[in-house]
Amino acid sequence: MITVENIRKTFSRVTAVEDVSFTVNEGEILGFLGPNGAGKTTTMRIITGYTPPTSGTAIVDGRNVKDEPLAVRQVIGYLPENTPLYLDMDVTGFLSFAAQIKGIPSDKRGAAIREALEETGTMEVAHRTIGKLSKGYRQRVGLAQALIGNPKVLILDEPTVGLDPNQIREIRELIKNMAGRRTVILSTHILPEVSMICDRVLIINKGHVVASDAVGELSRRMSKTRRLRVTVKAPSEEVNPALDDIQGIQRIEAMLLGGSDKLCQVNIDTDPDKELRPEIANRLVGKGWPLYEIRSLEPTLEDVFVDIVAGDKGGEVK
Amino acid sequence: MNNTWAVYKRELRSFFFSPLAYVLYVLFLIVCGVFFNMYFSYYIQWSKEYIQMMSMRQGMANQMPNYTELVLLGLTNVMTFVLLFIIPMMSMRLLAEEKKLGTLELMMTYPIKDIELLMGKYLASLTVYAVMLIITLAYPAISSIFVEQTYWPALLASYFGVFLVGAAFLAFGLFASSLTDSQIVAGLISFAVLLVMWMIGFVDEIQPGFIGNLCNEISVFSHFEDFSKGVIDTGHVAYYVLFSTFFLFFTLRVLESNRWRG
């Protein structure tokens with residue numbers, strides 16, 4: 001559905017994208033991961049035809065973005081970063097404007113608007129002024145304008161940034177429901193988000209694709225260890241000897257927390273495929289130490305980068 | 001065409017849903033009203049003197065004042081000067097605001113050609129401006145009830161000239177607005193440049209000859225002089241149309257360059 005080949009984009013002095021190539025199949029949801037300034041937004045802008053690449057080609061739905069920009073824009077629904085909207089318009093008025101420009105004939109416009117409002121759950125704010133809506137609703141209106149005209153491709157630049165946890169969950173749910181029906185590219189720098197929504201992940205760093213994998217594959221790759229966090233009321237120097245004979249533990253690091261109740265925080269790295277929490281809990285409780293917390297830490301994007309980018313010092317794709 | 005219409009409607013709504021259009025209308029009407037009042041009092045004074053002279057049989061020394069020429073055409077002349085301040089305020093938000101909000105990125109990824117976007121915006125601002133001019137026709141319309149000397153053809157020819165001046169200013173204002181994402185900067189650029197355009201009209205008083213003539217030909221205001229006498233000269237009409245087209249074309253180029261400059 002989307003093919004990007006050897007895209008390179010340089011601004012007057014800065015190179016935003018060095019050499020990016022990838023394909024997205026029809027109905028697939030691709031997660032774009034990367035730190036700020038990695039080239040995510042620029043790559044997305046190239047696909048939407050907003051910015052022409054310095055070299056390389058982008059093909060959407062069989063058409064070259066450079067040669068047929070209007071035809072390509074017709075099949076793409078785009079939500080730019082920070083959700084720019086006309087704040088002085090009401091939601092319906094704005095969607096009707098978008099529908100008109102996207103070439104939906106006037107007799108079908110009402111139905112198209114209703115469909116977008118329903119899909120994004122913005123029916124109840126349909127007649128409110130966009131500038132007076134909460135951030136979460138604005139984000140949905142942004143999604144609604146991207147959805148109008150039923151585009152085959154959706155490109156969403158950080159759709160969940162700045163939302164409260166509840167809103168984030170709702171937006172994720174919404175995107176997830178599109179799987180199979182639409183081809184989606186979505187950028188984020190929140191790792192769990194990708195594993196929740198996306199079929200495939202593409203990690204970009206310094207203008208290069210550093211990893212491209214199915215979601216399961218990527219988490220397997222990044223989890224050479226699994227980190228557990230334990231909080232227990234115990235003398236910190238006695239924790240290590242109490243646990244270190246358990247099979248599968250790689251490293252134990254105990255540290256006394258401040259405060260009057262003398263709690264001890266322990267970070268434990270274990271083999272990724274082992275579940276050692278019950279045994280650890282048993283040991284600690286067996287010692288008569290009150291156990292406050294035991295949990296598995298989600299690997300952060302930072303961890304992945306340390307893992308993946310470490311062998312990528314020159315920025316070369318291997 | 002359809003797309004231009006959509007942008008046109010959106011832009012008009014935006015003008016009239018915000019206080020901007022109304023503030024500018026009120027400002028323009030107040031300033032024009034003050035000048036109208038001033039010219040009108042002057043006309044009355046002159047008429048009284050004329051009648052006095054006539055009764056003393058010394059009428060040869062003084063001409064009978066011409067109402068249309070003195071008051072109404074005088075007013076249109078002042079209007080072009082007031083537009084120097086009003087138009088930058090009207091045009092500064094057209095593109096700068098969309099750049100700041102980021103909605104320009106949205107528009108440029110919609111299936112709409114740059115020229116359709118531009119024309120929608122230009123025509124909308126032209127409409128807002130034309131409405132403002134039409135409202136000022138209330139002055140001559142009301143005064144024509146009391147004064148029999150209103151010569152409408154000359155006045156309308158002059159109004160046509162004012163419209164062309166404003167259209168040219170708007171085209172330049174739109175261009176200035178495409179250069180920056182700050183409305184204030186856009187407004188200042190268009191005001192400063194239009195002010196220079198006005199000032200170079202005086203160069204030939206200091207430096208007559210080729211340079212003076214050249215400056216006169218360039219100046220937006222010197223081409224209005226014939227209009228202010230109630231004359232429509234196609235040469236001057238062509239000047240304003242070309243001026244507008246020129247800057248609209250430049251704006252289009254700036255929009256395009258925004259794409260590759262990011």
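Lettering of chains follows the sequences in order, A, B, ..., and the numbering in each one begins at 1.
Chosen from A/Pro80, A/Gly149, A/Ser96, the residue pairing most often with chain B at heavy-atom distances under 4.5 Å is A/Pro80.
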**OP:** Determine, step by step, whether B/Arg253 and B/Glu256 satisfy the salt bridge (charged side-chain N to carboxylate O under 4.0 Å, His left out) criterion, reporting the C-alpha distance in whole Å, the side-chain angles of both residues, the deciding distance to 0.1 Å, and the verdict.
**Re:** CA-CA 5 Å; B/Arg253 282 287 124 120; B/Glu256 274 171 30; 3.4 Å; yes
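Here A/Phe32 and A/Phe22 bring their ring centres to under 6.0 angstrom of each other.
B/Glu116 does not touch chain A: none of its heavy atoms, backbone or side chain, sits under 4.5 Å away. Contact of B/Lys113 with chain A is made through backbone and side chain together, with heavy-atom distances under 4.5 Å. Contacts between A/Ala146 and chain B at a heavy-atom distance below 4.5 Å are absent for every atom of the residue.
Distance check: B/Met108 CE to A/Thr51 OG1 gives 9.0 Å after rounding to the nearest 0.5 Å.
Here A/Glu26 does not pair with A/Lys152 in a salt bridge; the nearest charged N to carboxylate O distance is not below 4.0 Å.
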